[in-house]
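Take a look at the structure below.
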Protein chains: 2
Amino acid sequence: MLKHGILGLINYGDMTGYEIMKVFRDSLSYFWTANTSQIYRELQTLKRKGFVTDAVVRQNGKPDKKVFSITESGREELKRWLMEYDYGNSNIPLCMKVFFAGELSRKENMERFKKIKDDALKTIERYSAAPEIMDAYKTRVEDPEVSIYWNMTKEFGIRFMKMLAEWCDDCIRELEGAEG
Amino acid sequence: MLKHGILGLINYGDMTGYEIMKVFRDSLSYFWTANTSQIYRELQTLKRKGFVTDAVVRQNGKPDKKVFSITESGREELKRWLMEYDYGNSNIPLCMKVFFAGELSRKENMERFKKIKDDALKTIERYSAAPEIMDAYKTRVEDPEVSIYWNMTKEFGIRFMKMLAEWCDDCIRELEGAEG
DNA sequence: TGGGTCATGTAACCTGTTACATGATTAG
DNA sequence: CTAATCATGTAACAGGTTACATGACCCA
């Protein structure tokens, strides 16, 4: 995932590991942080796979730097990742993909938001259908107090999905509006 | 994290790895899934650390099973984890901790929700203060199209935090209401 | 006889975290 | 002189994923 985040940034323009680190720290830290060591490691992996190339640039008064550029195959990989319908189990992959969604067409993105919304609505139905979470475990656990918290967890899930669906709707509307 | 999830389940009553797997699959899968191999591995770790003990139970017509029980030190570890204010970078640790929050007092939980809410509100302010995300990168990226998606990401973050704050409020209200 | 459930794991891999390590320049 | 910035990494560990492996019983 970080791999694709880095690829997305280099796609905006050539960058060094240090610059990528700064972007994560200064601009993307609200949804994702990466530490230096991992960035440098991923850059090596990306290079090995032929998704980026590097060139050493000498500077005066500053240490040498390695500037990375994306290759054609890297651009393909970035697009492949963006097209892939997989948002993992946390907000981060979702934010990552939307962040770099400019590489896809508006049409593709609108369809994508529609699909995410539909899945969210389906999930809400699934949650709501189960009247009590962990019914099987009620019998094991004497204390009825604990089920309060089980239901709070469930409620969180429902509200999250509702929020997601509404946000998708608004994103679609924004893309439609700006288009016409 | 899975370690503590498993510990929380065993705390409800003795269980085998297989039973834990079923709970994850049948009841907790909507916010967390764990695969068998990982469960068995974590059980070994928990045992090595003295948080659980195991006993082999022979069955007729079925394979032997290893029943795990929580120890006093395991119960302490569970409580330590619940008290710790650390919700990682995804929804899962939050859901996990709330799910097992019955182990803490109502007062402790109300304070916890209050803190999460306050942090969420602070985060909203931080997000809103930055009028444009990735200002520094606008200059690099010629295409103004991409910033639409940057702002969608930001909007997602704000809405998530709003949802979180409201949910915390409602949880607090529920705990107050049921108390009096 | 073939698939599902019960019940246990191992091995390899990928990704993220923490700690450590170096060394020059520049601003206060 | 000292702290920050620029710029690079390595090593070890932790946790999650995927694939593989075994074997008996039960139901259709």
Side-chain angles (χ1 to χ4, degrees), chain A residues 1-7 14-26 28-29 31-49 51-52 54-68 77 81 86-93 96 136, chain B residues 1-7 14-26 28-29 31-49 51-52 54-68 77 81 86-93 96 136:
Chain A
M1 197 177 50
L2 175 62
K3 218 188 332 272
H4 294 100
I6 290 174
L7 215 46
D14 294 357
M15 269 196 247
T16 67
Y18 192 74
E19 286 175 299
I20 290 167
M21 181 269 288
K22 278 193 296 177
V23 180
F24 272 98
R25 193 193 55 195
D26 301 334
L28 305 181
S29 64
F31 75 84
W32 183 242
T33 47
N35 40 29
T36 344
S37 47
Q38 206 193 338
I39 289 170
Y40 284 108
R41 188 176 51 183
E42 293 300 343
L43 281 170
Q44 291 317 309
T45 312
L46 288 170
K47 189 186 162 184
R48 208 176 54 236
K49 291 192 177 168
F51 297 149
V52 298
D54 61 348
V56 175
V57 172
R58 244 162 258 174
Q59 301 179 108
N60 39 4
K62 287 180 192 174
D64 291 1
K65 61 182 183 180
K66 247 187 217 172
V67 179
F68 290 86
E77 172 58 23
W81 170 73
D86 177 9
Y87 295 94
N89 49 20
S90 92
N91 302 337
I92 299 168
M96 273 274 190
Chain B
M1 198 176 49
L2 176 62
K3 220 188 331 272
H4 294 100
I6 291 174
L7 214 47
D14 295 356
M15 268 196 248
T16 67
Y18 192 74
E19 286 175 299
I20 291 167
M21 180 269 287
K22 279 193 297 178
V23 180
F24 272 100
R25 193 194 53 196
D26 301 335
L28 305 181
S29 63
F31 75 83
W32 183 241
T33 47
N35 40 27
T36 343
S37 48
Q38 206 193 338
I39 290 170
Y40 284 108
R41 188 175 50 181
E42 293 299 343
L43 281 169
Q44 291 318 310
T45 312
L46 288 170
K47 189 185 163 186
R48 210 175 52 237
K49 291 191 177 170
F51 296 148
V52 298
D54 61 348
V56 175
V57 173
R58 244 162 258 173
Q59 301 179 110
N60 39 5
K62 287 180 192 172
D64 292 1
K65 61 182 183 180
K66 246 187 217 173
V67 179
F68 290 87
E77 173 58 22
W81 170 72
D86 178 7
Y87 294 93
N89 48 19
S90 94
N91 303 338
I92 299 167
M96 273 275 189

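Labels below follow one simple rule: chain letters A, B, ... track the order of the sequence lines, proteins then strands, and each chain is numbered from 1.
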Quick one: does A:M1's side chain get under 4.5 Å of A:W32's, heavy atoms only?
yes
Side chains of B:Q38 and B:F24, heavy atoms from C-beta outward: is any pair under 4.5 Å?
no
When rounded to the nearest 0.5 Å, the distance separating OH of B:Y18 from NZ of B:K62 is 9.5 Å
Atom pair NZ/CD of B:K49 and B:Q44 - distance to nearest 0.5 Å
13.0 Å
Without swapping roles, check the side chain of A:E19 against the backbone of A:T16 for a donor-acceptor pair under 3.5 Å.
yes
Measuring from A:I6:CD1 to A:M15:CE, what's the distance to the nearest 0.5 Å?
10.0 Å
Whole-Å gap separating P (C:dG9) and CD (B:E19)
14 Å
Of all the nucleotides listed (D:dT8, C:dC6, D:dC6), which has the minimum atom distance to the side chain of B:K22?
C:dC6
Hey, does A:M21 have a side-chain heavy atom less than 4.5 Å from the side chain of A:Y40?
no
Report the distance from atom CD1 of A:I20 to atom P of D:dA7, rounded to the nearest whole Å.
13 Å
Ring pair (Phe, Tyr, Trp, His ring centres under 6.0 Å) involving A:Y87 - partner list, sequence neighbours excluded
A:Y85
In whole Å, I'd like the distance from the CG atom of B:D26 to the C1' atom of C:dT5.
12 Å
Taking only nitrogen or oxygen atoms into account, show me every contact under 3.5 Å that the protein makes with nucleotides 21-23 of chain D, one pair per line with its distance.
none

Please report, rounded to the nearest Å, how far the C1' atom of C:dT8 is from the CZ atom of B:F68.
10 Å
What's the OH-P distance between A:Y18 and D:dA4, to the nearest Å?
12 Å
Could you state the atom-to-atom distance from CZ of A:R58 to C1' of D:dA7 in whole Å?
15 Å
Could you encode protein contacts along nucleotides 14-20 of chain C as a string, one character per nucleotide from 5' to 3', using B for base contact, S for sugar-phosphate-only contact and - for no contact, with a heavy-atom cut-off of under 4.0 Å?
-SBBBB-
Could you check how far NZ of A:K47 sits from P of D:dG9, rounded to whole Å?
9 Å
Taking only side-chain nitrogens and oxygens of B:Q59, does any of them come within less than 4.0 Å of OP1 or OP2 of C:dA7?
yes
Test side chain to side chain donor-acceptor pair (under 3.5 Å) applied to B:E77 - qualifying residues, sequence neighbours left out:
B:H4, B:R80
What does B:T36 touch in the nucleic acid at a heavy-atom separation under 4.0 angstrom: a base, only the sugar-phosphate, or nothing?
base
Salt bridge (charged side-chain N to carboxylate O under 4.0 Å, His left out) partners for A:K47, two or more places apart
A:D54
When you match B:Y40 and A:K62 each to their closest nucleotide on DNA chain C, which lands nearer the 5' end?
B:Y40
Given A:I20 and A:L43, is the side-chain contact (heavy atoms from CB on, under 4.5 Å) satisfied, shown in steps?
CA-CA 10 Å; A:I20 290 167; A:L43 281 170; 4.1 Å; yes
Spatial distance of atom CD1 (A:I39) from atom CG (A:L2) [nearest 0.5 Å]:
6.0 Å
Without decimals, in angstroms, what is the distance between B:I6 CD1 and D:dG16 C1'?
12 Å
Between its two end axes (five pairs each) the helix from C:dT1-D:dA28 to C:dG28-D:dC1 turns, nearest 10 degrees, through 30°
